[in-house]
Amino acid sequence: MAFIEYALHGRVANEEKPLEYQDPEQSIKILGFWIFLATDMLLFGCLFATYLVLRTHTDGGLTAKQLFDVPGFATETFLLLTSSFTGGLATLAMRNRNKSAVLAWIAVTVLLGLGFLGFEVSEFAANVARGATMQRSAFLSAFYTLVGTHGLHVSIGIGWMIVTWIQIARKGITRVTARKLFVVNLYWHFLDVVWVFIFTVVYLSGVVM
Amino acid sequence: MNVESEKVDGGIHPKHSAKKYIVGYLSSLVLTALAYTFALKRSFTLGPLLIVLMVLAGLQIVVQLYFFMHATEGDGPPFHLGALVLGLFFTFAVALMSVWIMGFPAFSARVS
Amino acid sequence: MHDKAKKRRIRYGMLGASAMTLLLSGCGPQYMVLDPVGPVGREELHLIILSVILTGIVIIPVLALLVFIVWRYRDKPGNRAPYQPKWSESRVLEVIWWGIPIVIVGILGYFTEKTTFALVRPPENNIAPITIEVTSLDWKWLFQYPDQKIATVNYAVIPTGVPINFVLTSDAPMNSFWVPRLGGQEYTMPGMAMRLWLQANQSGTYYGHGANFTGRGFAHMNFNVIAKPATQFYGWVQRVKSTSHPLTRAIYAQLKIPSVIGTTQYSSIPPNLFNGTVWADGGKYMPGMLPAQGTGSNSMKHNSTQ
Amino acid sequence: MPVWLTHFTTTYLMWNEGPMIWGSDVLILLTMLGIVVTLTRLRRWKWLWREWLTTVDHKKIGIMYLLAALIMMFRGGVDALLLRTQLAVPGNHFLSAEHYDQIFTTHGTIMILFMAMPFIFALFNIVVPLQIGARDVAFPYLNAISFWLFFFGAMLFNISFVFGGSPDAGWVSYPPLSELGFDFGPGENYYLLALQISGIGSIATGINFLVTIFKMRAPGMKLMRMPLFSWSVVAASVVIIFAFPALAIALALLTLDRVAGTHFFTILHGGDPMMFVNLFWVWGHPEVYIVILPAFGVYSEVVATFARKRVFGYSSMVLSLMLISVISYFVWAHHFFTMGAGAGVNTFFAIASMLVAIPTGVKVFNWLFTMFRGRIRLTLPMLWTIAFVPCFTIGGATGVMLAAAPADYQYHNSYFLIAHFHQVLIGGVVFGMLAGMYYWWPKVFGFMLDVRLGKIAFWLFNIGFYVCFMPQYALGFMGMQRRMYTYPTDMGWGTLNFISTIGAYIMGLGFLFIVIQVLYSIKHGERDLTGDPWDARTLEWSLPSPAPHYNFAVIPTVTERDMWWELKERKETDRLKLKSDMITPIHMPKNSGRPFLMGVSFFIAGFGLVFEWIPIAVLGLIGILLSLLFRAFEYGDEHTIPADEIRETEAALGRL
C-alpha cells in the first residue's frame, strides 16, 4: 500500500493489534493526532489561564455566580459525557467489524453533540438577553472565548463525525476508515476532558466562589 | 496488499467486549455527580473544595484516557503518552504560573 | 621575533584589562549605568560587576581554548599534534564542565535573590521617604507630590539623601520609568500602581526617559530628575506653590491628549487624581487596592463603569 | 481623478506618504511583472505548477523554504539598514517617526518569523529524512500545507507596506498600544493575521517532524544512534508544539479585541494588557530556543565532520538539548522583570533563566573538545561554526547578565538588550543557518559554492557584526533606549551610533557577497559527483547529490552511530551498495495542488479580516473548508515508481 509502509521497510500489517493500529501508516497518523491533541491541550491551557486571570474583572456587569445556571450546564455535561460513551461504543463496534452498529453509534453521538450545542447556544442567547455580551466585560470576553472555543471544537467534531459516517457507509470498515473513526473519537473524548475542566474551573468554581 | 479497498468487516477476529466502556461511562458519571454534590452542598470550605474538584477532574482525564481513548494501546514505543504527559505538565505550568505572575503577589505590599 | 610577539600579546592583554576596569569603574558620567549616584543604582552595579566576573570565568577559557585548539589541530601537512578520531568520552571533563557552570549559577543566583528582595525595600530605613506619583501619558510624564500637593510635567525635583518612593502608573500605553544614574527602571502600566525605590546622594540633574515604546512621540519622552539638598527642595516646593497654576481635571484631560510638550509645574493637585486613575484603569481588580481610593465623586466621568 | 480612486490611492496605496512608498509600489509591480513575463517567455508556468507549487517532496519544499528565508533576510536586512541610517547621526530626518516605527516592527517580525523560522524549516526538510533513512516526512501533504501557510502568511505581512500600512507597535505588539484606542490602522491586523496563519503552519511542521523522527527511522537507527541534527529537530519540535499555541491564543485574543470589540487587553472594562505580555512571552522565549536548537544541531554535525572526529560527549549533547527545550519553557517572565510581579516571581524566573546557561555551556565545551585532537579543515561551514563560538559565548554571557533580575532593571529595553539578542540570534542562529546552508548545499543542489567569495562574505559579515553591535552594549550603559527614532546631540551617543551604522553596512555588504557567491556558483560552481564532498559522517552523504526523488532506492539497515564514516574507515561501504534484485517498486505521495490553494484561501480570509471586509473573509473560509472536505474524501494519494524506473535512475547515477 502506502509509501510509508515501504519507508518502514515492508513491516507488514499486524493482525494481533486493534484494527486501527494494524497498518503502520494508519498508526503513524494516530500518533500524529495524539501529538496534535497535546498541542490543543496547550491552546486550552492558555485560554484557561486567561479566564482565571480575568475571572473577577466583571466591570460592574454580571458575575459568574449571577450568570451560571446549574441545571443548564449539568444537562450539557450529561449530554457530552454520554456522547463520549456512545462514541466509544462506535470504536468498539468498529473493532468488532460491525458496520451497522458503528453507523448507529456515530449517529447517536452526533445527535447528543447537537443536543449539547443546542443547550450551549440557548445558554449563550439567554445570557446575551440579560445584557451579558462578550463586549460587556473582560470576564465575559474570557468566558465566551473559552467556552465558545470548546463549542467550536465540538461543532468541528460533529462535522467531522458526519464526514466519517458517510465514508464508513460508503466504504465499509477498512483499515483506513477504522483509523478515521478512531481519530475522530480521540478528538471527541478529548473534548469531553476539556469540558470536564470547563465545568470544574468555570462553572462549579464560579458558582461556589 | 491494498488496504484502501480491502474490507475487513466480517470474518474471524477476536471479539471486543463493551465492559470497559460501561465501566468508564459509569465512573465518569459518578465522578461528575460527586463534583456537583460537593460543590452545590459546599461539603468543604472553599480552598479544599477547589482542590477536591480539581482532583475529581484529574480522575476524569484518567477515565477518558484509559477506558475510551485506549491511551495504553498503540504501535511501537508509547511516544503519544510522553507527548500527553509533557503536554499536561506544560498546560498546568502555564495556567498556574500565569495566575501566579498576573496575580502580582507583591502588589498589595506595594500600594499600602 | 617570538619574544616580540609575546611582549605584544602581553601589552594588548594589559590594554584590554585596563579598558575593562575603566569601563566597569565608569568612564565618566556619560556611562550612566556605570556611574550611579544612589544606593539603588550602586547595588545594581555591584551585581553587574559580579556577573561580568563570573561569566568571565567561562568566557576567557573558552576563547583561549578555541584559539589554541583551532591553531594546534588545524589540518595541515606535517602537523604533528595527536589525532584521536575515536576519542569522544571523558567522565572527568564532563563533570568539570557540568559542575563549574552549576557553581557559577549558584553563586549568581544567590546574589540575584538577595538583591531582588533588597530592592523592594527602601534604601534607608531611618529617613522618612518622599512619595512621588508618576503617570506616563502620551507623550509626557506627570509627577504628582501627594504630600507637598504639587505637580510637575517632564521633570521632577527630589531632595538628596532621601529615599524616594516612586509610585508608577500609566494612563496611556504602558511605558517604563528609567533614570539610569539613580537605578533601574520599572514599567508604568494602566490600572497598576507599582513602587520603585530610588535615591540620589549627590546633587545634580539626571537624565530620565521612557524605556518602553509608546508610539510616535516616544523618542521625545525624556525628563530630568533634579536632585537638590533638602532645604533647597522645600524652597522649590514653596516657589511652585506660590507661582504656578493649579492642576485641574480639565488640565489633566488636556495632558492626556497625545502631544509632545515641554516642562510645567502646578501649585496644587486635584484630590485622588492618581488613585482614581489607577482604580478606573483596572486597579479595582488588583489585590490591595482599596475601593475607597478611587470610587465616589472623585472618579473621573469617562472612567465610570456603567 | 474620480473621488473613489483618490480615496483608494490615499487610503490603501498611501500615495501621499512620499517617495519611499511610491518606490516600493513601483518596485513590487515591476518585480511581479518581471516574474510573469519571464515565466511566460520561458514557457515555465506549467513547470512551476507541476514541479514546485504542487510538490510534496520534502527536498523541494526545503528549497522553497530556503529561498523564502533568504529573500526575507534581504527584506529584513534592508529594514535594518534603513533604521541604522536614520540613527547614524543625532537629530536625523531621514525617516519620520511613523516610518521608523513601522520599519523596526517589520524588521523584528520578519527576521524572527519569516526569516529564522523558514530557515530552520528549510534545514529540517532538507536534512531530516535523508539523515534518518526515510523517503519523506510522515505527512508530506501536511508538510506542503505548512509551507504554503508560512508563505502566504509572509506575503500577507509583506504587502502591508504598500497596501494599507505596516504595523507599528513593535514586533511584540504590546497592548494597549496595539489596541484600537491607540492604533487604528490595518497594519496591526496584518501583523495579527499573518502571524496567526504562519503559526498554524509551524505547529503542523513541529508535529510532522516529531512523528517523522519517532516513526520513520531506518531499521537499526535507535534514538541514541541518531545524528545530533535530528536530535536537535526533536528538541525544537517539542518546543514548537508546546509554545506556538500560546502565540495563537495571544494573537487571537488581541484580534478579537480589535475586530469583535472584546476586552481582553483593553484599559477599560476590566481588560488586562499585561496578560498579553504574559501569553506572548510564554511563546516568545521558547521561540528563541526553537530557532537556536537546530543551529546547535548544525554545529554538532559540522564540527564532527571537519574535525574528522566523533562528536565529544554524544549523550550529554542529547541530554543538554532536551534540558534546554524543557527549561526554556520556564523562563518567559524574564522578559518582563520590570513589570514588578514581585521579588518571588523575579527570583524564580531569574534563576531558571540562568539554568539554561548550564546545558548551553556544556555544549560549547563539547564542541571545543570535539575539535581537540582532531584535524580541523577550515571550510566555509567550519569557519561559520568557529566564528559562532566566541560570538555566542559572549552573547550567552550577556544573557546571564540580563537574567540577574535587579541588573536587568538597568539593561531592560536599552541598547544593551538589543546588542545581546542580536548577538545570540545572529551569532547563534544566523551563523548556524549559514553554516548549515553551506554544509548541505551540495547535497541539495549538486554543486559546491565558491569558496573565495564565501570567505569574503564571511569576513565582511563577521567584522561588520562586531563593529555594529559592540558599540550598542556601550550605548546601553549610556542610557540609550531601543525604538527611539531620533536622539539629541548632547547625549554623546552620536559617535558610537555612527560606528554601529558603519558595521551594519559592512554586514549588508557581506550578505550581498553571499548572494553573489550563490549566483556565481550556479554557473561556475564545482559539481559534486561523489555525493560526499566533505568526507562526512552521516547517512545523507551516502546518497548521490542531489538525492533522487525517492531518496533511498533501498533503505539501509543502520548498525552504529555515524555509520557512513565508520563504514568508510573500515572500507565496508559496499554494504550500502545496491544490487539490482534488491530493488522493489516504491510508493510515493502524489503531488497535490490543494495545499497551495489552501494557502491562497488562508491569504484571502486573512486579507478580508485585515480590512474587515467580511464577504472576502467568508470566501476565504469557504475555500479552506472545501480543501479540508476534499482531503477527507481523498483516497489513494500515492503513486508507484516501478522497479525498472528506479534501476534506470540509479544506473544513470552510477550507483548500479
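Just so you know, these numbers come straight off a predicted model, no measurement behind them. Proteins get letters first, then strands, A, B, ... in listed order; numbering begins at 1 in each.
In this structure, B:Glu73 and A:Tyr21 approach most closely via the heavy-atom pair O-OH, 3.9 Å. Heavy-atom minimum distance, A:Ala49 versus B:Ala95: CB-CA, 3.8 Å. The minimum heavy-atom distance between A:Ala38 and B:Ala83, with the atom names listed, is CB-O, 3.7 Å. A:Val207 and B:Arg42 get closest at one heavy-atom pair: O-NH2, 3.3 Å. Taking all atoms of both residues into account, the shortest heavy-atom contact from B:Ala39 to A:Val208 is O-CG1, 3.3 Å. Nearest heavy-atom pair across B:Thr91 and A:Gly45 is CG2-CA, 3.5 Å.
For chain A, the nearby parts of B:Ala71 are the backbone and the side chain; heavy atoms of each come within less than 4.5 Å. For a residue to count as touching a neighbouring chain, one of its non-hydrogen atoms must lie under 4.5 Å from one of that chain's; by this rule B:Leu50 touches chain A with the side chain only. Neither the backbone nor the side chain of A:Asn185 comes within contact range of chain B; no heavy atoms are under 4.5 Å apart. Looking at B:Leu49, only its side chain comes within 4.5 Å of chain A, counting heavy atoms on both sides. Within the 4.5 angstrom heavy-atom criterion, no atom of A:Ile30 approaches chain B. With a 4.5 angstrom heavy-atom cutoff, A:Phe190 touches chain B via backbone and side-chain atoms both. No part of B:Phe67 comes within reach of chain A, as not one of its non-hydrogen atoms sits under 4.5 angstrom from that chain. In this structure, the portion of A:Val201 lying under 4.5 Å from any heavy atom of chain B is its side chain and not its backbone. Contacts between B:Leu65 and chain A at a heavy-atom distance below 4.5 Å involve the side chain alone, from C-beta outward. Contacts of B:Leu84 with chain A are made by both backbone and side-chain atoms, with heavy-atom separations under 4.5 Å.
By the 4.5 Å heavy-atom criterion applied to side chains, A:Thr91 and B:Phe68 are not counted as neighbours. Using a 4.5 Å heavy-atom threshold, the side chains of A:Gln22 and B:Asp75 count as separate. At least one side-chain heavy atom of A:Leu42 sits less than 4.5 Å from a side-chain heavy atom of B:Val94. Residues B:Ile61 and A:Phe197 are in side-chain contact: their nearest non-hydrogen atoms beyond the backbone lie under 4.5 Å apart. Annotation: side chain of A:Leu37 is in contact with side chain of B:Met69 (closest heavy-atom distance under 4.5 Å).
For CZ of B:Phe79, the number of neighbouring non-hydrogen atoms (other residues, nucleotides, ligands) closer than 6.0 Å is greater than 12. Heavy-atom contacts from other residues, nucleotides or ligands closer than 6.0 Å to CZ of A:Phe124 number more than 12.
A distance of 12.0 Å separates CZ of B:Phe89 from CE of A:Met41, quoted to the nearest 0.5 Å. Distance check, rounded to the nearest 0.5 Å: OH of B:Tyr36 to CZ of A:Phe199 gives 5.0 Å. To the nearest 0.5 Å, the span separating CG on A:Leu92 from NZ on B:Lys19 amounts to 13.0 Å.
Contact tally against chain A (heavy-atom pairs below 4.5 Å) for B:Gly82, B:Ala35, B:Gly58, B:Ala57: the top residue is B:Ala57. Contact count against chain B (heavy-atom pairs under 4.5 Å) is highest for A:Asp192 among A:Leu47, A:Thr39, A:Asp192, A:Leu52. Counting heavy-atom pairs closer than 4.5 Å to chain A, the top-ranked of the candidates B:His80, B:Met54, B:Met97, B:Gln60 is B:His80. Contact count versus chain A (heavy atoms, under 4.5 Å) is highest, among B:Val85, B:Leu96, B:Leu40, B:Thr32, for B:Thr32.
Chain B is approached within less than 4.5 Å, heavy atom to heavy atom, by A:Val70, A:Phe73, A:Ala74, A:Thr77, A:Phe78, A:Leu81, A:Thr82, A:Ser84, A:Phe85, A:Gly88, A:Leu89 from residues 66-89 of chain A, ordered by number.
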